[in-house]
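Let me begin by presenting the structure, written as C-alpha cells, before commenting on it.
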Amino acid sequence: KTAQPLSSAPAAIYVITHDDVMRSGATSLPEMLRLAPNLQVAQITSSRYAITARGFNSSAADKLLVLIDGRSVYTPYFSGVMWDLHTVPPDNVERIEVISGPGATLWGANAVNGVINIITRRSEDAEGGVVHIGAGNMEQHASLQHGGKLGENLSYRAYVDGFLRADNRTLTGANA
C-alpha cells in the first residue's frame with residue numbers, strides 16, 4: 001500500500017501499463033488481465049469469465065480482491081466479481097497491478113489468492129471525445145466518452161459503453 005521499487009516488493013507483482021493495454025487490442029477487463037502471467041483467465045460463456053490466481057479457478061471464484069481506483073468491485077451475491085458488469089474503456093486504464101499470493105493481512109478478507117488493482121487515468125487527461133466501434137462474428141461493441149474542464153481545478157469524464165455478444169451454441173447449432 002506504499003510506493004516502493006518493484007525489485008524490493010515482498011510479493012509476486014506484475015504491472016500491465018497503459019501502453020501494454022493499448023498495444024494488445026483488448027476491449028474488456030478480462031482481456032486486459034490475460035496479459036498478466038500470474039493469473040488464470042478462463043471464458044466460461046460468451047459473457048462470463050472466471051479469473052483467479054494460484055490455481056483456484058471456478059465460476060464462483062471469490063478469493064481474489066479486485067479494486068478499481070482503490071474501491072472494491074465484488075458483489076455480495078457470492079463475494080466475487082461479475083466481470084461483465086465492470087467496464088473500463090482501454091483508453092482510461094493507467095495501469096493494472098496484479099499481486100499474486102496471500103494479501104489478506106494487508107488488503108482484507110477477499111485477498112486470499114491476490115489483489116488486482118486497476119488504476120484509471122485522471123479525468124483531466126481525457127479532454128475531448130472518443131468513439132470506439134467494433135464488430136465481429138461473436139461480439140459487437142461501442143463506446144462513447146467525453147471529458148472536459150469545468151474550472152481550473154475541476155474536470156470530468158463520462159462514458160457510455162454497450163456490447164452485444166453472440167449466444168452460446170450446442171454442437172447441433174441450437175442456442176445453449
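FYI, the numbering just counts along the sequence from 1.
- Linking Ile, Leu, Val, Met, Phe, Trp and Tyr residues whenever their side-chain heavy atoms come within less than 4.5 Å leaves Leu33 and Ile119 in two separate clusters.
- Of all heavy-atom pairs between Ala142 and Asp161, the closest is O-OD1, 3.5 Å.
- Across all their heavy atoms, Glu127 and Gly148 have their closest contact at CG-CA, 4.0 Å.
- When all heavy atoms are compared, the tightest approach of Val98 to Ala36 is CG2-CB, 4.0 Å.
- The shortest distance between side-chain heavy atoms of Ser72 and Leu65 falls below 4.5 Å.
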### Query
Passes side chain to side chain contact (heavy atoms under 4.5 Å, CB included), Thr52 versus Leu39? Steps please.
CA-CA 6 Å; Thr52 192; Leu39 288 178; over 6 Å; no
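- Ile118 pairs with exactly one of Val73, Leu29, Leu67, Ile16 by the side chain to side chain contact (heavy atoms under 4.5 Å, CB included) rule, that one being Leu29.
- At least one side-chain heavy atom of Asp91 sits less than 4.5 Å from a side-chain heavy atom of Met22.
- Judged by distance alone, the side chain of Asp69 and the main-chain N or O of Thr120 form a donor-acceptor pair under 3.5 Å.
- Side-chain contact check for His146 and Tyr159: no donor-acceptor pair (N or O, by modelled atom type) lies under 3.5 Å.
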#### Entry: Verdict with reasoning, Gln43 to Arg34, per side chain to side chain contact (heavy atoms under 4.5 Å, CB included)
CA-CA 11 Å; Gln43 188 169 3; Arg34 285 188 173 165; 3.8 Å; yes
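- You'll find the side chain of Ile99 stays beyond 4.5 Å of the side chain of Asn117, heavy atoms only.
- Residues Ala26 and Pro90 share a closest heavy-atom pair of O-CG, 3.2 Å.
- For the pair Ile51/Gln40, no side-chain contact is recorded, criterion being any heavy-atom separation below 4.5 Å from C-beta on.
- In this structure, Tyr14 and Leu35 approach most closely via the heavy-atom pair CE2-O, 3.5 Å.
- The NE2 atom of His18 sits 11.5 Å away from atom CD1 of Ile96, with the distance rounded to the nearest 0.5 Å.
- Put simply, the side chain of Met82 does not reach to within 4.5 Å of the side chain of Tyr49, judged on heavy atoms.
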#### Entry: Leu64 and Ile116: CA distance, side-chain angles, deciding distance, side chain to side chain contact (heavy atoms under 4.5 Å, CB included) verdict
CA-CA 7 Å; Leu64 187 66; Ile116 297 174; 3.5 Å; yes
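- Of the possible polar contacts, none joining the Arg121 side chain to the Arg95 backbone as a donor-acceptor pair under 3.5 Å is found.
- Gln145 and Asn92 share a donor-acceptor pair across their side chains, judged by distance under 3.5 Å alone.
- Closest non-hydrogen pair, Val88 versus Met32, comes out as O-CE, 3.6 Å.
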